[in-house]
Amino acid sequence: MRSWLAQSPFPSVLMTGVLLGSTLVVTRFSLGQLDTQTYVALRLGGGTLLFLIGYLVFRLRPWPRDPGLWLRAGIYGLIGTALTMTGFTQSLRYQSSGVTSLLTTLSPVETALLAHFFLKGERLTRQRLAGGLIAFAGAGLLLLRGESGLADLAQADWRGYAWALVGVTSNSAGLVYARRWLNNEDPYAVTSIRILTGALVIGL
């Protein structure tokens, strides 16, 4: 059982889902006190601070010095962090966290489509296509009904859907980009650079 858990992607996927869901709920609450840019900048700034402590205080990794890595991971930070977080956060101003989380199920569909065209060995299979159609069916029903998920807003605001789709698209593009250009790099270095880049872009 333990060996299966160690080799299976299920624990990581489950934890990602729990973290994403709880993050959206906390974000929806926090937007009552902060504007979108400030909230995203604070989140990324806090993440940057933790990585700097890891580098400078605990010496967990040597400071990355490769200019090529900084460029590639920086682009990932712009696409897959700054734009993604802004899209999802801004969408919560117009709809509930539940509606936004349901729309995020479109991300695997977009990721699979982009990977099919831009990555070798990532061709669409029947299983992936079937899973994508199921995810799209749920999100599509939501779009057709015009749900906002908010009791005080009977009709959905299209800006909520639009911003959520910006987040979905940028997240999928970032994942495919990272798979192609950052697959063999140290995840700690890549993550720290992308968060630092995102913090700088949003904070400016």
Side-chain angles (χ1 to χ4, degrees), residues 2-21 23-24 44 47-48 51 60-88 91 100-140 143 161-202:
R2 290 183 179 178
S3 61
W4 177 83
L5 288 174
Q7 298 175 2
S8 171
F10 180 75
S12 298
V13 172
L14 179 62
M15 179 172 290
T16 300
V18 171
L19 291 175
L20 176 60
T23 297
L24 290 174
L44 293 175
T48 299
F51 274 108
L60 298 178
R61 295 284 197 286
W63 182 261
R65 300 180 182 275
D66 180 7
L69 173 61
W70 276 89
L71 176 61
R72 296 191 303 275
I75 293 173
Y76 184 27
L78 177 62
I79 301 172
T81 302
L83 191 56
T84 299
M85 289 182 65
T86 300
F88 286 139
S91 74
T100 294
S101 64
L102 286 173
L103 291 174
T104 61
T105 60
L106 292 175
S107 187
V109 181
E110 285 201 37
T111 303
L113 288 173
L114 291 173
H116 177 79
F117 292 105
F118 294 105
L119 296 177
K120 294 181 179 179
E122 295 277 352
R123 312 298 292 180
L124 276 175
T125 62
R126 291 181 179 178
Q127 291 84 354
R128 291 179 183 176
L129 185 59
L133 290 174
I134 293 172
F136 185 78
L143 292 170
Y161 291 157
W163 277 112
L165 293 177
V166 167
V168 166
T169 301
S170 58
N171 180 60
S172 298
L175 290 172
V176 172
Y177 173 87
R179 181 72 174 84
R180 180 165 182 174
W181 299 107
L182 297 164
N183 192 40
N184 297 319
E185 302 291 351
D186 177 20
Y188 190 93
V190 171
T191 305
S192 61
I193 294 173
R194 66 179 282 209
I195 290 180
L196 172 60
T197 302
L200 291 174
V201 170
I202 297 298

How long is the span from the [atom1] atom in [X] to the [atom2] atom in [Y], to the nearest 0.5 Å?
X: L69; Y: I193; atom1: CG; atom2: CD1; result: 4.0 Å
X: L106; Y: T104; atom1: CG; atom2: OG1; result: 8.0 Å
X: T81; Y: I75; atom1: OG1; atom2: CD1; result: 12.5 Å
X: W181; Y: L71; atom1: CH2; atom2: CG; result: 10.5 Å

(request) Only counting residues at least two apart or in another chain, list the ones meeting salt bridge (Lys or Arg N to Asp or Glu O under 4.0 Å) with D186. (result) R61
(request) For T86 and L83, indicate whether the former's side chain and the latter's backbone hold a donor-acceptor pair under 3.5 Å. (result)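 Not at all, since once roles are kept as given, no pair shorter than 3.5 Å links the two residues.
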(message) Tell me whether R123 contacts the main-chain N or O of H116 through its side chain, where contact means a donor paired with an acceptor under 3.5 Å.
(response)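 Yes, R123 side chain to H116 backbone: donor-acceptor pair under 3.5 Å.
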(request) Verify the neighbour count for atom CH2 of W70: are there more than 12 heavy atoms of other residues, nucleotides or ligands below 6.0 Å? (result)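 Yes.
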Show me the donor-acceptor pairs within less than 3.5 Å that the side chains of residues 164-175 make with the rest of the protein, sequence neighbours left out.
| unit_1 | atom_1 | unit_2 | atom_2 | d |
| --- | --- | --- | --- | --- |
| T169 | OG1 | E110 | OE1 | 3.2 |
| T169 | OG1 | E110 | OE2 | 3.2 |
| T169 | OG1 | L165 | O | 2.9 |
| S170 | OG | T84 | N | 3.3 |
| S170 | OG | T84 | OG1 | 2.9 |
| S170 | OG | V166 | O | 2.9 |
| S170 | OG | G167 | O | 3.1 |
| N171 | ND2 | S107 | OG | 2.9 |
| S172 | OG | S107 | O | 3.0 |
| S172 | OG | S107 | OG | 3.2 |
| S172 | OG | T111 | OG1 | 3.0 |
| S172 | OG | V168 | O | 3.0 |

(message) Can you tell me how the ring of F51 sits relative to the ring of Y188, calling it parallel under 30°, perpendicular over 60° and tilted otherwise?
(response) perpendicular
(request) Could you list the residues that satisfy side-chain contact (heavy atoms from CB on, under 4.5 Å) with L119, not counting sequence neighbours? (result)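 With sequence neighbours excluded, L119 shows a side-chain contact (heavy atoms from CB on, under 4.5 Å) to A115, E122, V176, R179, R180, given in chain and number order.
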(request) Kindly determine whether Y177 and L182 satisfy side-chain contact (heavy atoms from CB on, under 4.5 Å), including the steps that lead there. (result) CA-CA 8 Å; Y177 173 87; L182 297 164; 4.2 Å; yes
(request) Could you pull out the closest heavy-atom pair between T48 and A199, with the gap in Å? (result)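 Looks like OG1-CB, 3.8 Å.
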